[in-house]
Amino acid sequence: MVLHVGCGSSRIGELLLLDEEYDVEAVVSVDNDASVLEQMDRRWRKETTTGGMSRSNSSSMKFIRVDFTHDKLDDYPSNESFDLVVDKSTLDCLLCTDKATAGLLCEVYRTLKLGGVYMIVTFHETDFIRPLLQDLPDACWDIEFHVLERQVEDLVGNRNKHTVDRPHSACIDDS
């Protein structure tokens, strides 16, 4: 099972479910914006009822409103619920808040299965992210960083591509 934190209107969860190569049984997409979650749920239900999809079980996708400053994933009270937690810049956004960062990291650690992976896509340097993860109270996870190069197109529409070596992705293996 996959947890997608800070899903917004991203289709990552849907794509993980629909591509049989990934063998994902269920995805839980969480965000703080209830209206976006309602739109996502309607889109998912519409797609799964229109046919033509190889994996169209609408109950395999859940959308849950969570504010990590004070909420927990109440539907998953037992530890070790998720094999994979996907975080595409949610940690980056929550670092601008007072308490949500700790709430996110604690919930991820609590709900991640032993041997599961917390995949963070972040624009922060590894030297900044590593202490956040290492110093989380009562947490003990193996941390690997993989720096990904990406092509960035010019903002004015010029299709010249430039390599950027700043974005980082952190994979945390909780084994």
Side-chain angles (χ1 to χ4, degrees), residues 1-19 22 24-50 52-53 55-113 116-125 128-129 132-133 136-137 139 141 148 150 152-153 155 164 166-172 174:
M1 186 161 33
V2 174
L3 173 64
H4 183 193
V5 295
C7 65
S9 61
S10 171
R11 296 187 65 123
I12 290 174
E14 297 167 38
L15 297 172
L16 287 171
L17 274 173
L18 295 173
D19 192 329
Y22 298 118
V24 172
E25 297 285 325
V27 173
V28 176
S29 294
V30 300
D31 200 280
N32 190 24
D33 189 331
S35 64
V36 169
L37 291 172
E38 289 171 15
Q39 292 170 1
M40 294 286 289
D41 187 47
R42 280 194 305 273
R43 183 178 73 201
W44 174 249
R45 292 189 186 288
K46 181 180 177 184
E47 286 183 7
T48 57
T49 57
T50 58
M53 297 165 77
R55 298 182 74 177
S56 61
N57 182 357
S58 63
S59 65
S60 59
M61 174 72 83
K62 287 186 179 180
F63 298 95
I64 301 173
R65 186 188 173 284
V66 175
D67 178 347
F68 286 108
T69 56
H70 52 76
D71 295 339
K72 292 186 181 267
L73 292 165
D74 293 332
D75 291 347
Y76 303 91
S78 65
N79 297 345
E80 302 186 7
S81 298
F82 300 102
D83 301 292
L84 171 65
V85 177
V86 176
D87 176 341
K88 187 176 71 71
S89 297
T90 301
L91 179 60
D92 289 348
C93 292
L94 294 184
L95 285 168
C96 298
T97 67
D98 289 337
K99 299 177 185 176
T101 303
L104 167 70
L105 293 175
C106 288
E107 274 302 275
V108 166
Y109 190 80
R110 183 186 70 80
T111 60
L112 191 63
K113 285 184 179 179
V117 174
Y118 175 28
M119 183 183 78
I120 305 169
V121 179
T122 180
F123 287 100
H124 288 302
E125 298 290 332
F128 179 77
I129 296 295
L132 293 174
L133 302 171
L136 185 67
W141 39 23
L148 304 176
R150 69 178 197 161
V152 178
E153 294 181 7
L155 292 176
V164 176
R166 301 296 269 175
H168 292 78
S169 171
C171 294
I172 294 90
D174 184 22

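Computed from a prediction, not measured in an experiment: that's the story for all the values here.
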**Student:** Drop me the distance from Leu104's CG to Tyr118's OH, to the nearest 0.5 angstrom.
**Tutor:** 4.5 Å

**Student:** Please examine the side chains of Val27 and Val86, heavy atoms only from C-beta on, and report whether any two atoms are closer than 4.5 Å.
**Tutor:** no

**Student:** List in chain and number order the residues that pass side chain to side chain donor-acceptor pair (under 3.5 Å) with Glu14, two or more places apart in sequence or in another chain; answer none if no residue qualifies.
**Tutor:** Arg11, Arg43

**Student:** Can you find a pair of side-chain heavy atoms, one from Pro137 and one from Tyr109, that are under 4.5 Å apart?
**Tutor:** no

**Student:** Taking side chain as C-beta onward, heavy atoms only, is Val5 less than 4.5 Å from Glu107?
**Tutor:** no

**Student:** List the residues meeting ring-ring contact (aromatic ring centres under 6.0 Å, His included) with Tyr76, not counting sequence neighbours, and say none if there are none.
**Tutor:** Phe82

**Student:** For the atom pair CG (Asp31) and CE (Met40), what is the distance rounded to the nearest 0.5 Å?
**Tutor:** 8.5 Å

**Student:** Rounded to the nearest 0.5 Å, how far apart are CG of Asp33 and CD of Glu38?
**Tutor:** 9.0 Å

**Student:** Taking all atoms of both residues into account, what is the closest heavy-atom pair of Met1 and Ser81, and its distance?
**Tutor:** CE-O, 3.6 Å

**Student:** Tell me, do Leu91 and Thr122 make a side-chain contact under 4.5 Å, heavy atoms counted?
**Tutor:** no

**Student:** Hey, is the main chain of Ser9 close enough, under 3.5 Å, to the side chain of Gln39 for a donor-acceptor pair?
**Tutor:** no

**Student:** State, yes or no, whether a side-chain contact exists between Ile120 and Leu133 at a heavy-atom distance under 4.5 Å.
**Tutor:** yes

**Student:** Just so I know, are the side chains of Phe68 and Val30 near enough to count as touching, which here means a heavy-atom distance under 4.5 Å?
**Tutor:** yes

**Student:** Any salt bridge (charged side-chain N to carboxylate O under 4.0 Å, His left out) involving residues 73-96? Give me the pairs, sequence neighbours left out, ordered by first then second residue.
**Tutor:** Asp83-Lys113

**Student:** Counting only N and O atoms by type, is there a donor-acceptor contact under 3.5 Å from the side chain of Ser29 to the main-chain atoms of Phe63?
**Tutor:** no

**Student:** Do Val28 and His4 come within less than 4.5 Å of each other through their side chains, counting heavy atoms only?
**Tutor:** no

**Student:** State, with a plain yes or no, whether a side-chain heavy atom of Leu132 is found less than 4.5 Å away from one of Leu95.
**Tutor:** yes

